[in-house]
Amino acid sequence: MKSPSARFLQHNAGIYDLTNDASQYNIGGETYADYMLTTNPDFQFSASDYVKLLKDHNLTYGTPNTVYHYSNTGYTILSEIIARVYSQKVNSNKTYGDFMYDKIVGPSSVKPLAITFPELASDKQLPSPYIKGFIKYDTHDEITDLKNASAHIGEGNGVGTMAMLSQYIRTLMKGENVLYASSAELMRTNKGPATTNGYGLGCSNFQGIGYGHNGATEGYLSLMAYDPASDVSVVVLLPFWDLRGNNLNKCIATLNSTAIEAKRTLGY
C-alpha cells in the first residue's frame with residue numbers, strides 16, 4: 001500500500017508533530033499546541049493552521065517513505081483530507097466529525113455507537129459520569145477537567161465508554177464494522193518502507209495484548225486492543241500522569257502490564 005494516505009497512517013509522511021515535538025519549533029520551550037492551550041485555552045485549532053506553520057518554518061522529519069516518526073499533526077491533516085473528500089462527495093460542507101458520525105459510529109453506520117468526536121474549542125464538557133484526570137508535577141498537583149480538544153482532531157478526540165471502545169475495536173478488527181476482514185488485516189500488518197517497529201496502518205501490535213492503539217490527553221492515558229488469536233479485547237484507562245523525572249513512561253508501561261494481567265486473570 002503506497003498511497004499518500006497510507007504514509008500518514010504509517011507515520012512515514014515526514015510530517016513534523018506540532019503537538020508533541022518541541023525540537024524543531026517551539027514557543028518558550030513548549031510545543032505549539034501546548035503554548036496555545038496555555039495562553040488561550042479557547043483557541044480554535046485547525047489543520048490549515050498546522051499546515052501553514054509547517055510550510056512557513058519548513059518543518060519536516062524527512063522525505064516521505066524515508067523516515068518513520070509518529071506525528072499527531074499528520075493524522076490531523078489526514079482528517080482534513082477526509083472531510084474535504086466527503087464534502088465533495090455529498091456536495092455539502094462536512095467536517096471530520098460529520099464523517100465519523102455518518103459512516104463510522106452514528107445510527108446509519110454498520111455498528112452504531114454513541115461515541116462522539118468534539119471539534120470545537122468550546123465543546124469541553126465530558127458527559128457525566130466521568131473520571132477527572134490527575135497530574136503530579138515536581139512542585140504541585142493538578143486535577144484536569146474541561147479541556148479544549150480541537151488541537152487533536154483525527155488523532156485522539158473520541159469520547160465514549162470503555163464498553164463502546166471494546167465493541168468498536170472488536171468489530172473493526174474482525175471485519176464486522178466499516179472495514180472488510182482483508183482491510184483489517186492490512187491495518188494490522190501493512191508497514192511503511194521506513195517503519196522499524198510493529199506499527200501498521202494506524203495500528204500497533206502490543207506483544208501479548210493484541211492490535212490497537214494507546215493514547216494520551218492531559219491527565220489521561222488509555223489503551224484499547226484486540227487479540228485475534230484469543231478473540232479478547234482489552235480497554236485500559238489510567239487517569240493519571242506523573243511528570244516527575246521519567247515517571248510518565250512508567251505510567252504508559254502500566255497500561256500494557258494492566259492489560260496483560262487482565263487477560264491472565266481471565267485465563268488467557
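In Asn249, the CG atom is crowded: over 12 heavy atoms of neighbouring residues, nucleotides or ligands sit closer than 6.0 Å. More than 12 heavy atoms of other residues, nucleotides or ligands shown are found within 6.0 angstrom of CG on Leu266. Heavy-atom contacts from other residues, nucleotides or ligands closer than 6.0 Å to OH of Tyr130 number more than 12. By the 6.0 Å contact criterion, CG on Asp138 is enclosed, its count of non-hydrogen atoms from other residues, nucleotides or ligands being greater than 12. Crowding of Ile131 atom CD1: a count of heavy atoms from other residues, nucleotides or ligands under 6.0 Å not exceeding 12.
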Legend entry - Criterion ring-ring contact (aromatic ring centres under 6.0 Å, His included) on Tyr199 and His213, from CA distance to verdict: CA-CA 9 Å; Tyr199 202 93; His213 216 292; 5.7 Å; yes

Legend entry - Worked check of side chain to side chain donor-acceptor pair (under 3.5 Å) between Gln10 and Thr195: CA-CA 8 Å; Gln10 295 163 335; Thr195 302; 5.8 Å; no

Inset, instruction - Go through the steps for Asn20 and Tyr70 under the test side chain to side chain donor-acceptor pair (under 3.5 Å), then give the verdict. - result: CA-CA 9 Å; Asn20 283 324; Tyr70 197 96; over 6 Å; no

Inset, instruction - Decide yes or no on side chain to side chain donor-acceptor pair (under 3.5 Å) for Thr171 and Asn177, but give the supporting numbers first. - result: CA-CA 5 Å; Thr171 57; Asn177 200 320; 3.0 Å; yes

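Using a distance-only test at 3.5 Å, with no hydrogens or angles considered, a donor-acceptor pair links the side chain of Asn157 to the main chain of Pro118. A donor-acceptor distance shorter than 3.5 angstrom exists from the side chain of Gln44 to the backbone of Glu119, with no hydrogens or angles considered. Side chain of Thr31 to backbone of Asp34: a donor-acceptor contact under 3.5 angstrom is found. Within the 3.5 Å criterion, the main-chain N or O of Leu18 finds a donor-acceptor partner in the side chain of Thr73.
Note on Ile153: it clusters hydrophobically with Phe99, by side-chain heavy-atom contacts below 4.5 Å among ILVMFWY residues. Hydrophobic clustering of Ile, Leu, Val, Met, Phe, Trp and Tyr side chains at less than 4.5 Å, counting indirect connections, keeps Phe206 apart from Met224. Val232 and Met162 fall into different hydrophobic clusters, defined by Ile, Leu, Val, Met, Phe, Trp and Tyr side-chain heavy atoms under 4.5 Å apart, directly or through other members.
Separation of atoms CG (Leu54) and OG1 (Thr60) is listed at 8.5 Å; rounding is to 0.5 Å.
Applying the side chain to side chain donor-acceptor pair (under 3.5 Å) test to pairs two or more places apart or on separate chains, those with a residue in residues 226-235 are Ser166-Ser233, Arg170-Asp231, Lys174-Asp231, Tyr226-Asp231, Asp227-Ser230, Asp227-Lys263.
Minimum heavy-atom separation, Ala225 to Gly210: CB-C, 4.0 Å.
Under the 3.5 Å distance criterion, with hydrogens and angles disregarded, no donor-acceptor pair is assigned to the side chains of Glu155 and Thr76.
Salt bridge annotation for Lys132-Asp145: present, with a cationic side-chain nitrogen under 4.0 angstrom from a carboxylate oxygen. Ionic pairing of Asp141 and Lys136 is present here: one or more N-O contacts between side-chain nitrogen and carboxylate oxygen are shorter than 4.0 angstrom.
Checked against a 6.0 Å centroid threshold, the rings of Tyr16 and His57 do not count as neighbours.
Between Tyr25 and Tyr32, the angle of the ring planes lies from 30° to 60°, which puts this pair in the tilted group.
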